[in-house]
Each structure stands twice: as structure tokens, then as C-alpha cells.
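For reference, the structure discussed in these notes is given below.
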Amino acid sequence: MLPYPSGQLHMGHVRNYAIGDALARYMWMRGYDVLHPMGWDSFGLPAENAALKQGRQPREWTLGNIAAMKRQFNRLGFAFDWNREVTTSEPAYYRWNQWFFLKMYERGLAYRKEALLNWCPECATVLANEQVVNGCCWRHETTPVEQRAMKQWFLKITAYAAELLDDMEQLREGWPERVLAMQRNWIGQSEGAEVDFAIDGSTDNIRVFTTRIDTIYGATCLIIAPQHPSVAKLVTDESERLKIKEMIDKTARQDPSSVEKLGLPTGQSAIHPFTNAKIPIWIGNFVLMGYGTGAIMAVPAHDERDFEFCKAHGIPIRPVIRPTDGALADEATIEAPFTEYGIVENSGEWSGLGSGEARKKMTAFAQAHGFGNESITYRLKDWGISRQRYWGTPIPMIYCPSCGLVPVPETDLPVLLPLDVTITGVGQSPLEAVASFINVPCPVCGAAARRESDTMDTFIDSSWYFYRYCDPHNDTAPFNSQTAAQWFPIDQYIGGVEHAILHLIYSRFWTKVMRDIGLINNPEPVKRLFTQGMVIKDGAKMSKSLGNVVSPDDMVAQFGADAARMYSLFAAPPDRDLDWQQEGVSGINRFLARAFRYVTRNSSPEKLDSSEVDDTVRSEADRTVLRKLHQTVAKITNDFDSRWHFNTSIASLMELLNELYALESKVSGVTLQIVSNTLTRLLAPFAPYTAQELWETLGHTKPVFRESWPEFDPELAKEDLAEIPVQVNGKLRGHLRVQFGTAKDDLQRLALTHEKVQPFLASKQIVKVIVVPDRLVNIVAK
RNA sequence: GCCCGGGUGGCGAAAUCGGCAGACGCAAAGGACUUAAAAUCCUUUUUCGCGCAAGCGGAGUGCGGGUUCAAGUCCCGCCCCGGGCACCA
């Protein structure tokens with residue numbers, strides 16, 4: 001299960017776990033061995049500072065919070081195994097997080113560098129790219145992130161970019177297309193070439209990345225990002241440098257969705273590698289240092305942004321691609337760039353080639369002459385995992401003045417958080433101030449050294465908790481490989497779509513790293529993924545600021561856990577957003593009460609023992625009730641096995657109960673007993689408390705979810721007669737009630753003579769009669 | 001701009017493979033029980049026209065076309081809503 005209860009449990013969690021719990025209980029009743037973990041995070045990062053400000057010790061607070069969460073989940077009746085459940089704040093979990101970190105450090109997958117990072121002033125910590133939503137922190141949706149240059153620890157997720165992309169092929173069957181699309185988008189592979197442009201009068205090059213090397217003869221200038229390392233050499237004048245700094249500041253201050261295109265000429269030129277022509281080098285704020293090489297060749301005739309930039313700065317426009325069925329644009333009159341593939345023109349020996357072929361040949365040419373090569377660029381960036389906060393796994397590194405960066409020896413793990421912190425409330429990790437934590441001897445030379453004070457992003461905890469769940473008490477390894485091999489990959493994962501490019505990409509990465517370390521064999525963690533819709537109220541996502549939050553505790557107090565969770569399954573199919581309607585819950589509540597009364601009043605010994613009726617000779621009412629019962633079993637079993645539309649499963653239970661009420665007085669004791677037993681078991685995945693109580697009322701002692709799921713009998717479920725609609729020209733005119741399997745000819749004859757059909761056939765010519773046995777008759781008449 | 005979803009009664013929704021549109025629930029109205037209310041039980045409820053009535057007929061799944069005996073469902077072209085990405089070279 002995906003979402004991480006962070007401090008407060010909300011209806012989204014209830015819905016998520018209601019789906020998973022129904023499924024787990026169903027699978028148990030079908031006799032499967034099911035591990036049913038709940039995803040734990042680190043309990044309330046947003047509330048952490050608040051708790052500390054109240055003077056509570058963080059660990060004490062966290063343990064209290066965990067206990068409170070467990071009570072909430074127990075009240076809701078989710079069948080989690082608390083014995084196995086992994087708490088990511090346990091020393092053992094810290095230890096293995098740190099162990100993984102050191103393994104990655106050994107392999108060069110963990111490294112430290114200075115970079116411009118996203119800083120959330122509210123959290124007082126940096127964020128990974130994935131954790132920035134619309135320019136704001138993912139936890140504080142209205143707090144814009146700031147940019148800060150800091151030295152940070154990164155995990156080299158980009159080393160797995162190609163594999164993360166390619167292996168999505170294996171997930172096509174089991175994962176929702178939109179999640180795959182989002183990941184594909186996020187990884188952002190683009191295939192092209194890198195090409196060197198020599199700086200005129202220098203031995204240095206500027207390397208550009210392009211996906212359209214076929215347009216290179218149309219390159220009329222080079223544009224580099226204001227942060228590009230060559231800027232220092234190209235621009236020496238102080239006042240010009242100041243302008244560039246201004247440009248960076250101005251760009252950073254603007255709304256990222258509509259940044260004004262700014263440009264500055266460097267006064268220097270580059271040599272076009274294909275034509276040897278001199279083209280000017282510009283600095284442009286729309287060129288991103290973080291993507292490709294941070295420099296581009298501008299081809300205004302064939303790129304929107306280049307066109308806009310060159311028009312604004314009076315740079316020539318040189319068309320070199322014409323549409324396959326059209327003419328080359330004219331330099332003087334061109335009004336818009338032609339950005340599609342076409343035929344290459346005005347490009348020396350490559351003129352006349354198609355774009356695709358030109359790309360291949362020109363790349364090969366560049367490679368052969370040593371000024372370029374094929375290149376694949378990704379949008380995905382390395383995962384910045386340093387956090388300047390108390391809560392989280394300490395990064396196990398030590399800074400020694402003489403030895404430099406020294407990993408904490410494995411035998412010294414885990415590095416635990418100190419308990420005696422004071423909260424500064426300002427932008428530095430609270431751990432910085434704890435001398436007993438920070439000051440350590442160097443493990444190599446013994447000199448006085450400093451411990452890293454950053455802690456790990458808590459998404460690390462969630463990247464592998466499900467593996468630990470298989471073997472939670474292992475103290476020699478993160479988990480036993482054989483045990484994990486029995487359970488992995490996960491058959492079914494359930495969670496919110498909001499984790500599509502966060503948790504779900506991190507845990508795929510982590511799995512691949514663990515495979516390379518030799519812990520596991522599976523390249524992917526999850527075979528099938530189900531993303532449930534959001535819980536919405538009054539047309540908006542539930543949130544405190546809108547005041548439209550429904551508290552699960554209030555729901556439990558008012559209607560009980562069963563009604564609350566069952567409503568979250570009934571109001572909409574689980575993959576769609578759910579519009580929470582408070583009055584709707586009372587409908588479920590009524591249903592549960594009706595079911596409860598029906599079973600209890602019919603479970604008295606006298607009722608159940610009055611079974612003089614022979615099981616084989618049943619009344620009409622008995623047969624009707626049993627038919628509905630078996631149809632319901634078939635329906636719900638099918639919903640569980642194929643599509644999880646629990647809203648229709650629950651609707652069919654309601655239909656069944658309506659029928660039972662209608663025929664209650666006419667049904668024999670034996671049938672009542674069968675019906676009560678079956679109904680109670682059908683209820684068990686959705687309403688476990690009610691079902692358990694009824695199950696005991698019916699005289700059973702085993703927990704109901706350890707009983708077997710009811711079998712359905714197709715013979716009993718079958719209707720006696722088929723009701724076949726008769727249409728004339730596609731319009732419904734009447735029904736036939738006939739035996740199943742009635743022959744086509746007979747159906748046609750009956751339909752044509754049907755009294756309600758006749759009037760519509762009078763004075764008409766019968767053209768054709770469509771007969772689908774057991775389904776429908778359609779008479780075509782003119 | 002690109003990529004995913006979605007659009008069906010007063011509301012949440014159902015129709016699983018092209019075959020009776022609106023199951024189930026909410027809300028509403030009426031009735032039974034009750035001194036009364038709540039709770040419970042029963043009935044009605046897509047819409048328009050005709051009818052005292054049982055009923056009869058027409059229209060109807062965002063819009064416009066198309067395929068088909070038959071379209072909420074398939075195809076083509078649009079509109080609207082939600083989500084994701086977005087100077088990504």
C-alpha cells in the first residue's frame with residue numbers, strides 16, 4: 001500500500017486501505033497466503049517542528065504518534081500485522097538505510113557536490129526535483145521554493161535512467177498507462193547528437209546538444225546558458241558580467257511558466273563545424289544549464305524559441321528544411337519556423353536527403369571528424385537526498401581535516417539521532433548544534449573530525465520498506481534474499497497517483513541497486529500497480545485550508561468503521577475520484593443495520609432447526625432467494641477477480657438483501673441458514689466488524705476471514721426463463737419469456753406474432769429479422 | 001503546446017464482449033406504524049406530450065457527422081472539465 005500516514009490520517013488513507021484490506025481478506029478466504037503491509041513513513045514531518053516547539057523530545061513524540069496511528073488503524077479494522085510492520089524510525093531501519101548508502105558510496109552511486117537546490121522555507125530544508133510541485137514544496141503547496149547553492153549528497157539515479165525507461169516495457173500490462181506516461185515524461189529521454197563549435201581565436205570548444213543535427217546548416221548563432229562555464233572566458237568586461245548576473249536574478253524571480261526571453265551578445269564568434277562560417281555567440285536565459293550541455297545552436301528557421309530569440313535580436317534566419325510536399329521558406333518573408341521533418345536543402349552534400357537520413361549521416365560525419373557524437377540526454381536528474389532537519393536517517397559520513405571524506409565503518413552502524421536537540425527554527429539542521437553528535441574522532445586517523453549533519457530524505461525509507469516487511473527482525477542483513485525471492489516482485493501494489501514520479505520511481509531505482517548489490521534477482525519491485533482516485537469534497541481535494549476535511553475518527557464515532565470504509569468503496573469505482581457525500585454514508589449505515597437485523601433475527605435456534613423442508617424440494621420463494629444468492633456470489637467473486645468495481649459488488653449485496661426482505665416470510669429454515677451464512681461471508685471483506693459479529697451469532701468460532709469464500713453453483717444461479725426483448729427497427733416493443741436455448745426459428749415466430757409487436761408491423765414489409773438466441777430479437781421492417 | 005483521464009437523471013453512479021439506458025444508493029414526495037417525533041417498513045421518482053386511469057406515444061448518455069439490423073459503447077471532426085509535463089534544444 002502506498003500513502004504514508006504523515007501525522008494525520010485522512011479519508012484518502014481510509015479508501016486506500018479499504019481497497020487493499022478488502023482484497024487481502026478476500027484472498028485469505030480463498031486460501032492464499034497474503035502479506036498485507038501498510039506503508040510507513042516517518043510520521044509527520046510537517047508536525048515535527050511543531051512538536052519540538054512544544055518542548056517534546058522528538059523520539060518520544062514519534063513513538064506516541066506511532067501508537068496513536070496504530071490505534072486509529074485498529075479502530076478502522078485493517079488487518080495489518082503489527083508484528084511485521086516496519087517502523088522506519090527504528091535503529092535497525094536506520095542501520096540498513098546507512099548500509100545501503102555506504103554500498104552506493106563504494107560504487108560511486110552516492111556523491112557530494114555543490115549545486116543550486118530547491119529550498120522550502122517552510123520545511124527549512126532542500127527538496128529533490130521530484131518534490132517540487134508547481135514551483136512549490138509538495139508538502140506546502142502555497143510556499144514557493146527558493147534556489148540556494150549548497151553542498152549536498154546525491155544518489156546517481158541517472159545511471160539507471162535508460163533501464164528505468166526500458167523496463168517500463170515489463171510493466172505495460174500491470175501498471176496504469178498514465179503512471180507509465182508520467183514516468184516516461186519525467187525521465188525525458190531525447191536522442192540526438194552533441195556537436196563541438198570551436199570558439200574563434202581560441203583552442204576551446206563549446207559543445208551543444210541537438211535532436212535536429214539535420215538543421216545544422218541553418219544555425220545562425222550559438223546560445224549558451226548564463227551559468228555556462230565558458231561565460232567567464234567569453235565575457236571579461238565587469239559591466240557585462242554584471243548584466244549577466246542581473247539576467248540570472250531576473251529569470252529566477254519570474255514565474256517559471258512565462259519567463260521573458262532575455263539575451264546578451266558576447267561579442268565573440270564560434271566556427272560552424274560544417275561550413276567553417278563564423279557565427280556569433282550569445283547568452284540567453286531560456287537555455288538551461290541543467291539540461292543537455294547548457295548550450296545550443298540556434299536554428300531560427302526550424303525552432304519556435306530560436307525563431308523568437310533571433311527575431312528579437314536581429315540574428316539572420318536561414319531556412320534549410322522544406323516540407324516534403326512544399327517549397328523552402330524564404331529568408332526575407334518567413335513568418336513562422338517549420339519545425340517538422342522534411343527535406344534538407346542548402347546544406348552542401350546533404351541537400352536532398354530526408355531529415356531522418358540526414359540526422360544519421362551527419363552524426364556519423366561529425367563523429368568521423370572528431371567534432372561530435374551520437375548522444376542520449378535525459379531530463380531526469382540525480383536524486384538529492386540531503387535534508388537539513390532532525391528527522392531522518394543520519395548520513396553516515398565523517399569529515400576529517402586530514403583524511404577528507406571518510407565513511408562510517410560498517411561496524412559502527414547505526415549512527416543514531418541524538419535525543420537532546422534544541423530547535424533553532426532557522427535554516428540550519430538542528431543537529432549542527434549538538435556537539436556530542438557532531439564531534440567525532442576520524443575512524444581512519446583518530447584526529448578530531450566532524451560528522452555529517454544532514455539526514456536522508458525519508459523517501460529512502462519508503463523505497464524498500466516492503467522488502468524489510470518480509471523479514472522484519474533480521475539483524476545480519478536488510479532482509480534474507482531467499483525470503484524476499486519467495487514474495488517478490490509484489491503481485492499487487494495499491495496507492496495514490498501522487499506518487500507516480502516520487503515514490504514509484506525511487507523504489508524502482510532502489511530495486512535495481514539492490515539487484516546489482518546481489519540482494520535480489522527481480523529487476524522490478526511491483527508487477528501490478530493500482531492507483532485509486534482522490535477523495536474530493538464539494539468539488540475540491542480535501543484540505544484544511546478549504547475546511548472541507550472529513551475526519552475518519554468522526555466518521556467512526558458517528559457511523560462505525562464498517563460504514564465509513566464501505567462507503568469509500570461504494571460511492572465510486574476505486575480508480576476514479578470519489579466525491580464524499582456525508583448523507584451517502586447513512587445509506588450504507590442503513591444497509592449494514594438491515595443486514596445485521598436480518599441475520600440476527602433469523603439465527604435463533606428455533607428458526608434454524610425448523611428444517612422439516614427437504615433440501616431438494618424447495619418452495620418457489622426458496623428457489624428465488626437461492627438464485628439471487630448464487631448470482632450475487634458470482635458477481636462479487638468476478639468483481640474481485642477481474643476489475644475491483646466494489647461499488648457494484650456492494651450494490652449487488654444490497655439487491656440481494658432487498659430480495660431477502662421481500663421474501664423473508666416465505667423462505668424455509670434451511671434456506672435461511674444457507675443465506676445467512678453466505679451473506680455474512682460475502683460481507684466480510686467490506687465490513688469486517690459486522691461480519692465477524694454476525695459470524696459468531698451464527699454459532700461459528702473461527703474468525704470469519706479464516707473461513708472459506710462461498711462457492712457459487714451456476715445451476716442454482718440460472719434463471720428459469722429467458723426474458724428476451726423484441727425490437728422493431730431497433731426500438732423496444734415487447735418481451736418474450738421463453739426457455740433458455742429456444743431455437744432461432746421459434747423465437748422469430750413468437751416475436752412476429754407478439755401482440756405488442758404486431759401493431760408496429762402492420763402495413764409494413766418485413767425486410768429482415770435479427771435473432772440472437774437467449775439475447776434479443778430485432779425486426780427490420782419498412 | 002504535448003501526454004493521460006473524464007463528460008449519462010436533482011446528486012453519487014450502473015450498463016464487464018456493439019444488444020432492454022438509468023441497477024444500487026442519496027435527496028425528494030406519498031403511505032403504514034406512532035399521542036408525536038425519530039427509527040423502521042412499503043410505494044413513486046429521466047423528461048416531454050396525450051389520458052380520469054391502467055396505459056400509450058415521442059425525445060434522451062457534451063456537440064456535429066459516420067459505420068451497423070442495433071451505438072453511452074466503434075470510427076472521424078469539435079467543445080468543455082480534471083490531472084501530469086512544459087523555454088527540455
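Just the heavy atoms: all of them, side chains too, but no hydrogens, waters or symmetry mates, feed the values below. This one's a predicted model, so the numbers in the text were calculated from it and none came from an experiment.
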Base C85(B) paired with Asn185(A) side chain (donor-acceptor, <3.5 Å): no
Check: Lys261(A) side chain, C87(B) base, donor-acceptor under 3.5 Å: yes
May I ask you to evaluate whether [X] reaches the phosphate of [N], defined as a side-chain N or O under 4.0 Å from OP1 or OP2?
X: Arg576(A); N: A14(B); answer: yes
X: Ser190(A); N: A89(B); answer: yes
X: Arg379(A); N: A86(B); answer: yes
X: Arg597(A); N: A39(B); answer: no
X: Lys768(A); N: A70(B); answer: no

Side chain of [X] (C-beta onward), nearest among [options]:
X: Phe760(A); options: U16(B), A89(B), G57(B); answer: G57(B)
X: Pro725(A); options: C56(B), A89(B), C20(B); answer: C20(B)
X: Arg775(A); options: G57(B), C88(B), G19(B); answer: G19(B)
X: Asp579(A); options: C20(B), A89(B), G12(B); answer: G12(B)

Distances for protein N or O near nucleotides 22-26 of chain B N or O, under 3.5 Å:
unit_1, atom_1, unit_2, atom_2, d
A23(B), O2', Glu655(A), OE2, 3.2
G25(B), OP1, Asn658(A), ND2, 3.3
C26(B), OP1, Arg590(A), NE, 2.9
C26(B), OP1, Arg590(A), NH2, 2.7

Side-chain donor-acceptor contact under 3.5 Å, Tyr26(A) with Ser649(A): no
Donor on one side chain, acceptor on other, Arg594(A) and Asn658(A), under 3.5 Å: yes
Classify the nucleic acid contact of [X] as base, sugar-phosphate or nothing, counting any heavy atom under 4.0 Å across all strands shown.
X: Lys782(A); result: nothing
X: Glu723(A); result: base
X: Pro573(A); result: sugar-phosphate

Stem regions touching RNA chain B, defined by at least 3 consecutive Watson-Crick or wobble G-U pairs below 3.5 angstrom: B:1-7 with B:79-85, B:10-12 with B:24-26, B:28-32 with B:40-44, B:46-50 with B:55-59, B:62-66 with B:74-78
